[in-house]
Amino acid sequence: MSIWDKLTGRKSTPTAIHDSPSTTPSDTFSPTPFNPQEAQDVSSFLTGPSFADPSQLHPLAGLNQQTLDYLSLEDSALSDLPGSQSALPSRGWSDDLCYGTGVTYLTALTMGGAWGLQEGLRRSNGQPPKLRLNSVLNAVTRRGPFLGNSAGVIAMVYNGFNSFIGHTRGKHDSANSIVAGALSGMIFKSTRGIRPMMISGGIVASVAGAWAVTRKALF
């Protein structure tokens, strides 16, 4: 009883504490002992009667193979113009443009790099190694891209003229290559005057004629 209850005359009610009996659950589970000899491996599990046929899991399982229609995509036919086939199979002017321009650009780029290497080594003779390396790199990066880009542009124009002339005449021969080379070289130097145009046209026509003769002899 507290002091406030004594002053007011209030009687406190005792709290009864009820102890509830504790119940502990009983575990009656008994695990089955594991026997490794009776365990199934993967093959026995897949081939068992409780598992479906693995071949039925394929997306095309159950289709009739005799009545199944397949979609066949045929490649574009190769060019049938006389003399159009070369070292690589060609389907037309687009293939000739890609192959011819790419091979010409890489060849000229390599030749220009070799030219720049020789020029850089010759000009830096007797200089320290760092200055000599710098001179060689400058010469290679100047001559290589210049010759590669120039030859690539000429090759693009040449393949365009060659394909157009061959389509117009209905055949590809050495005359097409020589005329296309002359026109390409003249257009490439058309801003330099008549004399550079003639020289450039003659050089490109000679190279195109040599390639036409070589292709005819080898292929």
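- Remark: Glu119 CD to Ser135 OG distance equals 8.0 Å, nearest 0.5 Å.
- Other residues, nucleotides and ligands place more than 12 heavy atoms under 6.0 Å from the CE atom of Met197.
- The distance from atom CG of Asn159 to atom CD1 of Ile154, rounded to the nearest 0.5 Å, is 12.0 Å.
- Across all their heavy atoms, Gly185 and Ser200 have their closest contact at O-OG, 2.7 Å.
- With hydrogens and angles ignored, the 3.5 Å screen pairs a side-chain donor or acceptor of Thr141 with a backbone N or O of Asn138.
- A heavy-atom distance below 4.5 Å is found between the side chains of Ile187 and Phe161.
- Smallest separation of non-hydrogen atoms from Gly181 and Val204: O-CG1, 3.1 Å.
- Scanning both residues, Ile165 and Ala180, for their nearest heavy atoms gives CD1-N, 4.3 Å.
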Inset, instruction - Could you give me the CA-CA distance, side-chain angles and deciding distance for Tyr105 and Asn149, then say whether side-chain contact (heavy atoms from CB on, under 4.5 Å) is met? - result: CA-CA 7 Å; Tyr105 173 77; Asn149 294 337; 3.4 Å; yes
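- The same ILVMFWY cluster, assembled from side-chain heavy atoms under 4.5 Å apart, contains both Val179 and Val157.
- Both Leu121 and Val140 belong to a single network of hydrophobic side chains, linked directly or stepwise wherever heavy atoms of I, L, V, M, F, W or Y lie under 4.5 Å apart.
- Contact of the Arg123 side chain with the Val136 side chain is not registered, since no non-hydrogen atoms from C-beta on lie closer than 4.5 Å.
- One distance of note links CD1 of Ile194 with CD1 of Ile199; it measures 12.0 Å at 0.5 Å rounding.
- Donor-acceptor pairing under 3.5 Å is lacking for the side chains of Thr101 and Tyr158.
- Atom NZ in Lys189 sits 14.0 Å away from atom OG in Ser184 (nearest 0.5 Å).
- No path of Ile, Leu, Val, Met, Phe, Trp and Tyr side chains, each step under 4.5 Å between heavy atoms, connects Met186 with Phe188, placing them in separate hydrophobic clusters.
- Minimum interatomic distance between Ala151 and Thr104 (heavy atoms only, all atoms of both residues): O-CG2, 3.6 Å.
- Contact between Arg132 and Gln127 at its shortest, heavy atoms only, is N-OE1, 4.2 Å.
- Using a 4.5 Å cut-off on side-chain heavy atoms (C-beta onward), Met111 and Thr107 make contact.
- Within 6.0 Å of atom CZ in Arg192, 12 or fewer heavy atoms from other residues, nucleotides or ligands are found, so the atom counts as exposed in its surroundings.
- Side-chain contact between Ser124 and Leu131 is absent, with no heavy atoms from C-beta onward closer than 4.5 Å.
- The two residues Ser174 and Ala212 make their nearest non-hydrogen contact at OG-CB, 3.7 Å.
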